[in-house]
Amino acid sequence: MKPLALSLCIALLIVACKPAPEKPAAETLSSPSGKLRLYFDLSENGTPRYSVAFKDKTVIDTSLLGFTLENAPAITGNFKVVKISTNEEDETWEMPWGEQKKVRNHYHELQVELKEKGEDGRPMKLYFRAYDDGMAFRYEFAKTDNADTLLITDENSEFKLTGDHTTWWTPGDWDIYEHTYNETKFSAVDAISKRNHPNLGQTFIPENSMNTPVTMKTEDGVYLAFHEATLVNYSDMTLRVDAENLKMTSGLVGSDRAAYKAKVALPFSTPWRVILITDKATDLLDSKTVLNLNEPNKLGDVSWFKPTKYVGIWWAMHLDINSWDLGTGRHGATTERAKEYIDFAAENGIGAVLVEGWNVGWNGWKNARFTKPYPDYDIEEVVRYGREKGVDIIMHHETYADPANYDRQLDSAFQYMKDLGLHVVKTGYVGHIKTEGEYHHGQYMVNHYNRVYETAAKYDVAVNAHEPIKATGMRRTYPNMVSREGMRGQEFNAWGKDGGNPPSHLATVAYTRMLGGPFDFTPGIFQIKLDEWREGNQINTTLAQQLALYVVIYSPVQMAADLPEHYRDQPAFQFIRDVAVDWDTSFAMNGEVGDYVTFARKAKQSGEWFIGSITDENARDLELNLSFLESGKTYTAQIYKDGPNAHWDNNPTDITIEEMEVSSETVLPVHLAEGGGVAIRILEKK
Ligand code: NOJ
Ligand code: CA
């Protein structure tokens with residue numbers, strides 16, 4: 001045990017050295033700077049509870065902890081404290097790929113060993129961590145002579161709010177995360193009215209709850225984001241809304257096959273329950289707490305995975321120009337078309353090509369075969385041709401939400417990839433889970449998703465999952481979890497029965513979904529109006545915003561999603577050619593939740609800086625302070641900005657491209673149009 005701050009030490013020593021009193025006084029855990037303080041104690045009837053203060057103001061009021069079980073009495077009151085200990089960590093670790101190279105993990109920890117009173121009293125251990133930008137807790141259960149399994153019907157972790165905060169939320173859907181965000185007061189959260197979404201392949205919202213990350217702003221200007229870290233062998237946590245008492249309770253995703261939500265063999269640790277707490281919206285974006293709560297890298301060297309941009313036989317299907325299915329006369333995944341995409345990628349310095357609809361199963365969207373190409377797709381020849389041109393093929397495994405069928409083929413599917421020399425797969429789980437009674441976010445599927453990652457890793461394969469389980473920072477432990485969807489992607493703009501993603505979508509997603517980790521949104525649509533293929537549909541941003549997304553959205557696999565012919569002869573495409581995908585440093589320069597956001601990132605190899613800024617439906621004037629550039633040097637800024645008449649609806653492709661000299665002294669004024677953005681590349685002048 002390393003020493004903590006003196007005051008904390010003294011407080012804890014008193015408890016640690018004496019036998020635990022019947023009702024101990026509250027324990028205090030301070031974050032490294034003291035900005036955040038967490039209090040723990042037992043209620044009158046011995047129920048564990050906590051509260052949190054940020055800058056001396058309560059931000060989470062007294063909240064109770066406990067469980068209800070199917071095979072045993074509820075774990076709730078009647079506890080006594082057996083032992084209290086503390087721990088401190090201050091390490092800096094390196095990401096093999098990521099939005100930054102070095103990550104500092106600095107926290108104080110309180111460990112509380114509890115036991116129910118009485119002879120057969122059950123043990124439970126709580127871990128609390130205090131970071132300067134948030135706190136987390138988890139439960140640990142030991143195996144005892146009386147119990148080796150818990151059947152958890154509900155986790156009852158409370159999060160008691162101190163006011164009716166502004167809340168950015170999506171419904172606590174057990175089956176999909178692809179809802180638009182809502183901005184309401186906490187008391188007005190109404191997930192039930194979001195049922196029956198027209199564009200969702202599957203959806204199940206049993207109660208008034210929210211999916212995490214969910215972000216809030218208090219009247220005092222404090223930002224709170226609720227999420228979880230290390231989701232292993234458990235079910236996804238939604239947050240149940242108790243509007244009257246301004247309280248949330250963990251709501252685990254269940255299944256129709258059992259009354260319990262999770263069955264866990266003991267010993268067992270739950271995922272971390274995380275609350276990011278900051279006084280600037282952008283500090284949420286720079287937080288590495290969710291990542292830090294995960295275990296270090298267990299895979300070792302993953303240099304076989306190279307962050308890359310990619311194009312793909314993909315958008316053409318969403319526009320209905322091509323089909324995934326064979327025999328339609330417009331099958332997309334042909335050898336010839338794949339070669340055309342490879343040529344395009346090679347000409348433009350894009351490292352990879354995704355090919356969807358290549359394998360048996362699409363006709364009928366069932367019983368996928370992951371080692372059986374359709375007859376018009378010569379996969380060996382495509383891979384060989386790609387290799388000749390320096391372009392990799394990204395494998396596609398659409399499971400049609402049939403995990404059992406995928407499980408049976410996991411080894412052969414990844415061996416097939418290994419034999420072909422392929423290192424990245426995009427997976428998909430469209431539709432209702434075919435295992436009767438299961439939902440995408442329940443324990444059964446959490447275990448399936450994790451099994452896919454673990455098996456893939458054995459074959460040096462990185463996974464980009466669509467219709468995934470949410471990102472909980474596990475890429476630290478398994479760096480082959482490179483990216484995922486888990487939010488409404490670009491494809492919704494193509495189908496757009498509901499008008500597609502609103503202009504505020506990504507300015508909200510940046511502060512919510514993206515707090516979990518890399519997001520495969522698939523940006524870069526240049527042909528904004530889609531009437532030619534899908535009458536009335538469009539991308540609800542300007543072209544400049546589509547470019548800015550390469551910097552705003554972090555993903556180590558980043559698609560240039562439009563058809564190659566829409567990029568030809570487009571000067572703006574130069575930005576996509578130039579932009580990096582692996583970063584040395586990243587930080588959020590400015591922003592407000594749901595309104596706008598600006599990121600600056602420094603590329604790993606070239607040392608070039610990139611800036612991306614996006615706004616919602618409101619135009620905005622911002623000043624970008626370039627003081628992060630090395631002083632004394634001069635740089636060229638290549639600026640791709642909204643043209644004078646740009647507007648996401650009236651004139652989305654109006655873009656101005658200009659160059660100017662900048663330095664660390666420069667404060668650059670930028671104007672973002674309605675639904676607009678700006679993308680900037682900054683390189684040193686030699
Ligand atoms: C949904 C995915 O999000 C999309 O990218 C993919 O093209 C389709 N499923 C088909 O697999
Ligand atoms: Ca999807």
Side-chain angles (χ1 to χ4, degrees), residues 170 173 175-180 197-203 211 310-326 328 331-333 337 341 352-370 374 377 394-403 405-406 413 424-434 440-441 445 449 452 463-471 482-498 500-501 505 509 513 518-525 533-534 539 553 555 557-563:
T170 56
D173 198 319
D175 237 0
I176 198 158
Y177 302 114
E178 300 179 16
H179 289 265
T180 44
H197 195 287
N199 269 340
L200 298 177
Q202 69 279 351
T203 172
N211 269 130
Y310 69 102
V311 290
I313 302 180
W314 180 78
W315 192 233
M317 269 82 97
H318 291 277
L319 293 182
D320 226 8
I321 299 168
N322 290 126
S323 69
W324 286 279
D325 306 35
L326 189 69
T328 54
H331 182 223
R337 188 169 292 104
Y341 273 72
V353 173
L354 164 75
V355 182
E356 293 199 359
W358 68 277
N359 62 319
V360 171
W362 284 98
N363 292 70
W365 288 56
K366 61 177 189 227
N367 299 330
R369 300 292 305 275
F370 302 106
Y374 274 141
Y377 184 65
I394 296 184
M395 181 46 102
H396 186 230
H397 291 168
E398 173 54 65
T399 66
Y400 320 118
D402 188 349
N405 177 54
Y406 195 26
V424 180
V425 63
K426 170 179 170 180
T427 59
Y429 294 82
V430 169
H432 295 283
I433 296 294
K434 293 204 167 63
H440 278 72
H441 308 154
M445 282 306 291
Y449 289 114
V452 171
V463 182
N464 169 19
H466 278 227
E467 299 78 53
I469 193 67
K470 66 186 166 194
V482 291
S483 194
R484 68 189 86 201
E485 189 187 40
M487 185 36 56
R488 284 168 69 108
Q490 186 85 274
E491 59 201 37
F492 275 81
N493 296 321
W495 318 326
K497 284 181 216 142
D498 57 353
N501 301 328
H505 185 55
V509 164
R513 158 67 185 85
F519 178 29
D520 190 41
F521 173 73
T522 69
I525 299 299
W533 309 280
R534 302 247 192 207
I539 314 301
I553 296 171
S555 175
V557 287
Q558 192 72 288
M559 192 177 204
D562 211 339
L563 307 176

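Numbering of ligands and ligand atoms starts at 1, following listing order.
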Colleague: Under 3.5 Å, N or O to N or O, is W365 touching ligand 1 that way?
Modeller: no

Colleague: Which of the atoms in ligand 1, numbered in the order shown and given with their element, are less than 4.0 Å from a heavy-atom of E467?
Modeller: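 Answer for ligand 1: 1 (C), 2 (C), 3 (O).
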
Colleague: Give the atom numbers and elements of ligand 1 that come within less than 4.0 Å of a heavy atom of H396.
Modeller: 11 (O)

Colleague: Hey, do the aromatic rings of H331 and W358 have their centres closer than 6.0 Å?
Modeller: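 No - the distance between ring centres of H331 and W358 does not fall below the 6.0 Å cut-off.
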
Colleague: I'd like to know if the side chain of H440 pairs up with that of Y429 as donor and acceptor (distance under 3.5 Å, no hydrogens or angles considered).
Modeller: no

Colleague: Looking at ligand 1, does Y400 have a heavy atom less than 4.0 Å from it?
Modeller: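 It does not; every heavy atom stays at 4.0 Å or beyond.
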
Colleague: For N211 and T170, does a side-chain donor sit closer than 3.5 Å to a side-chain acceptor?
Modeller: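 Side chains of N211 and T170: no pair found under 3.5 Å.
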
Colleague: Which ligand 1 atoms does W362 reach within 4.0 Å, using its non-hydrogen atoms?
Modeller: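 Those qualifying, in numeric order: 10 (C), 11 (O).
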
Colleague: Counting from 1, what ligand 1 atoms have a heavy atom of E356 closer than 4.0 Å?
Modeller: 6 (C), 7 (O), 10 (C), 11 (O)

Colleague: Contact between ligand 1 and M317 is defined here as a heavy atom of the residue under 4.0 Å from a ligand atom; is it met?
Modeller: no

Colleague: So, of the N/O/S atoms that E491 has, which is the nearest one to the Ca ion (ligand 2)?
Modeller: OE2

Colleague: Say whether W324, considering both its backbone and side-chain N or O atoms, lies within less than 3.5 Å of an N or O atom on ligand 1.
Modeller: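 No; every N/O pair is 3.5 Å or more apart.
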
Colleague: Kindly give the atom name of the N, O or S atom of E178 closest to the Ca ion (ligand 2).
Modeller: OE2

Colleague: Within rounding of 10°, what is the angle whose vertex is the Ca ion (ligand 2) and whose arms end at OE2 of E467 and OE2 of E485?
Modeller: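 Angle OE2(E467)-the Ca ion (ligand 2)-OE2(E485): 120°, rounded to 10°.
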
Colleague: For E485, counting its heavy atoms only, list the atoms of ligand 1 lying under 4.0 Å from any of them.
Modeller: 3 (O)

